[in-house]
There are 2 protein chains.
Amino acid sequence: MMELTRKGEYAIRGIIHLAQLPPGKVALISEIAEATGVPQTFLAKILQNFAKIGIVQSFRGAGGGFMLGRSASKITLREVVEAVEGPIVPNRCLIGSGTCERDSTCGVHPVWRCHW
Amino acid sequence: MMELTRKGEYAIRGIIHLAQLPPGKVALISEIAEATGVPQTFLAKILQNFAKIGIVQSFRGAGGGFMLGRSASKITLREVVEAVEGPIVPNRCLIGSGTCERDSTCGVHPVWRCHW
DNA sequence: TATAAAAAGACTAAACTGGTCTTATAGGTG
DNA sequence: CACCTATAAGACCAGTTTAGTCTTTTTATA
């Protein structure tokens with residue numbers, strides 16, 4: 001199934017919710033979870049990860065919460081998806097040269113490479 | 001990981017092997033498996049499935065084996081991939097209307113739909 | 001009939017998915 | 001300082017999927 005996982009779908013929903021907030025406003029995880037219909041602790045994990053790579057900013061303690069780490073126009077859907085799902089690439093053998101031992105003999109490799 | 005599974009990769013290798021044979025020639029599963037570096041019983045499953053949907057033709061008994069079910073030019077990579085991995089669609093909510101209960105309220109849906 | 005080959009189906013270990021739960025830590029407030 | 005509010009971190013878990021293997025059956029040929 002070449003589909004997003006739940007995690008990917010949830011990540012997008014969360015980011016979009018944050019993007020629609022007035023700039024500078026922080027949102028509680030409980031609020032985001034409720035609005036997006038995502039299990040709160042699961043969404044928290046996702047956003048915590050995003051905080052590490054700068055897509056969102058998090059604030060602990062009273063008055064804390066989450067907001068985007070930079071302006072929405074500088075965050076791509078692809079970036080969000082790849083952050084949770086890993087690189088969008090049709091085949092492992094394209095990730096880097098040397099990762100596939102069939103690289104030199106397999107007739108499929110050059111085709112993938114050319115179309116990607 | 002938005003990647004092909006092993007099964008998808010193996011399927012492609014198998015089909016390409018068959019496509020490179022002289023037309024009308026049947027290949028033993030053992031031969032295909034060896035040439036493509038795929039575990040034989042696993043590849044057999046894949047090709048047996050392809051036989052059911054007509055992508056390949058199979059012949060049992062002595063002198064049997066596999067060949068393409070139609071000319072290679074009429075078989076698309078997408079068809080092969082979708083046959084093993086399921087439909088290539090980024091999000092479950094696009095599969096059919098009514099499959100997602102957030103359909104009417106979710107701001108993400110129309111975006112997906114429009115770009116797909 | 002013997003043999004060669006695919007077909008079918010049961011079975012398995014390991015990894016991944018989609019979470020939950022508990023504890024720790026950081027920041028405000030009185 | 002004490003207390004409360006929030007995120008952070010990490011252990012844990014059931015269920016599903018992946019990537020196979022193994023055995024038995026069926027079919028075709030010589």
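Every chain is numbered from 1 and lettered A, B, ... according to where its sequence line falls, protein lines coming before strand lines.
One donor-acceptor pair, N or O on each side, does fall under 3.5 Å between the base of dT26(D) and the side chain of Arg60(B).
Across all strands, Leu47(B) comes closer than 4.0 Å to no nucleic acid atom at all (heavy-atom distances).
Look at CZ on Phe59(B): it is 12 Å from C1' on dA6(C), rounded to the nearest Å. Atoms CD1 (Ile46(A)) and P (dT7(D)) sit 15 Å apart, rounded to a whole Å. In this structure, CZ of Phe50(A) is placed 16 Å from C1' of dT7(D), rounded to the nearest angstrom. Atom-to-atom, CD1 of Ile29(B) to C1' of dA5(C) comes out at 11 Å; the value is rounded to the nearest Å. Going from atom CZ of Phe42(B) over to atom C1' of dT18(D) covers 7 Å, rounded to whole Å. Atom-to-atom, OH of Tyr10(B) to C1' of dG20(D) comes out at 9 Å; the value is rounded to the nearest Å. The distance between atom CD of Glu31(B) and atom P of dA5(C), rounded to the nearest whole Å, is 11 Å. Here dA13(C) presents its P atom at 22 Å from CZ of Arg6(B), a figure rounded to the nearest Å.
Remark: Leu68(B) CG to Phe50(B) CZ distance equals 10.5 Å, nearest 0.5 Å.
Sequence order on DNA chain C of the closest nucleotides to Lys45(B) and Ala62(B) puts Ala62(B) first from the 5' end. Closest-nucleotide positions on DNA chain C for Pro39(A) and Gly63(A) were compared, and the one nearer the 5' end corresponds to Pro39(A).
Contact annotation: Ser30(B) side-chain N/O to dA5(C) OP1/OP2 distance is not under 4.0 Å. Residue Gln48(A) places none of its side-chain N or O atoms closer than 4.0 Å to OP1 or OP2 of dT7(D). Using a 4.0 Å cut-off, some side-chain N or O of Thr41(B) falls inside it from OP1 or OP2 of dT21(D). Between Thr5(B) and dA19(D), a side-chain N or O to OP1/OP2 separation shorter than 4.0 Å is present.
Checked against Gln40(B) for a side chain to side chain contact (heavy atoms under 4.5 Å, CB included), the options Ile32(B), Leu28(B), Ile29(B) give a single hit: Ile29(B). Remark: of the listed residues Lys7(A), Arg6(A), Arg13(A), Arg13(A) is the sole one forming a side-chain hydrogen bond (donor to acceptor under 3.5 Å, both in side chains) with Glu9(A).
A donor-acceptor pair is defined here as one N or O able to donate and one able to accept, closer than 3.5 Å; no such pair exists between the side chain of Gln57(A) and the backbone of Phe66(A).
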Pair Glu85(B)-Thr5(B), side chain to side chain donor-acceptor pair (under 3.5 Å): steps then yes or no: CA-CA 8 Å; Glu85(B) 310 272 9; Thr5(B) 60; 2.9 Å; yes

